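All values reported here derive from a predicted model rather than from experimental measurement. One-based numbering along the sequence shown.
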Amino acid sequence: MMHLSYYAEAAKHYSPLLHDYRNQLQIEQAELRRLKALYTRSRLELNGDYLFVPVLTKDGGTTSFRWNAQDATDYYGYDLGESSGHLHTGAT
């Protein structure tokens with residue numbers, strides 16, 4: 001015959017509510033560590049982009065592929081003022 005204490009211990013051990021409570025405590029501790037690291041340490045971020053659109057030029061009577069054709073007068077592709085050779089960088 002099993003005693004009442006056995007059932008009480010089994011209920012504590014297998015209770016989904018107690019498991020959820022323990023998991024929430026661990027999540028709270030992890031979040032506190034994350035926030036502490038975020039607000040007490042500096043962080044440097046670098047970002048940038050380079051807009052690159054090559055064009056085909058017909059200058060000089062020959063058709064050629066140009067990586068950055070800022071001086072082309074007869075070409076196929078995007079507007080040179082909007083396309084190649086623009087670099088944007090930033091640091092925060």
Side-chain angles (χ1 to χ4, degrees):
M1 179 175 206
M2 301 215 168
H3 296 284
L4 185 59
S5 62
Y6 168 78
Y7 292 108
E9 288 301 317
K12 288 179 188 177
H13 182 69
Y14 296 110
S15 170
L17 293 175
L18 287 177
H19 283 288
D20 184 53
Y21 175 73
R22 289 184 199 111
N23 289 337
Q24 286 181 16
L25 289 177
Q26 290 177 353
I27 291 169
E28 287 176 8
Q29 293 299 318
E31 181 67 9
L32 286 174
R33 288 192 302 272
R34 186 189 72 83
L35 290 173
K36 185 177 178 182
L38 179 68
Y39 290 116
T40 60
R41 294 184 178 97
S42 61
R43 186 172 73 184
L44 175 65
E45 293 182 7
L46 300 173
N47 61 31
D49 61 68
Y50 184 77
L51 180 59
F52 173 71
V53 182
V55 296
L56 292 173
T57 66
K58 291 180 24 176
D59 291 334
T62 61
T63 303
S64 63
F65 178 77
R66 305 265 306 265
W67 294 102
N68 190 352
Q70 291 293 332
D71 58 346
T73 56
D74 189 12
Y75 62 89
Y76 296 104
Y78 287 91
D79 181 10
L80 296 178
E82 297 294 327
S83 61
S84 297
H86 302 287
L87 175 65
H88 171 75
T89 60
T92 56

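Under the rule for a side chain to side chain contact (heavy atoms under 4.5 Å, CB included), the partners of K12 that lie at least two apart in sequence or sit in another chain are E9, L18. Residues meeting the side chain to side chain contact (heavy atoms under 4.5 Å, CB included) test with R41, sequence neighbours left out: A37. Annotation: side chain to side chain donor-acceptor pair (under 3.5 Å) contacts of Q29 (sequence neighbours excluded): none.
Connectivity analysis of hydrophobic side chains (ILVMFWY, heavy atoms under 4.5 Å, direct or indirect) links L38 to L35, Y39. In the hydrophobic clustering, where aliphatic and aromatic side chains (Ile, Leu, Val, Met, Phe, Trp, Tyr) are joined below 4.5 Å either directly or transitively, L32 stands alone.
Pairs of residues two or more places apart, or lying in two chains, that qualify as side chain to side chain donor-acceptor pair (under 3.5 Å) and include a residue from residues 15-28 are D20-Q24.
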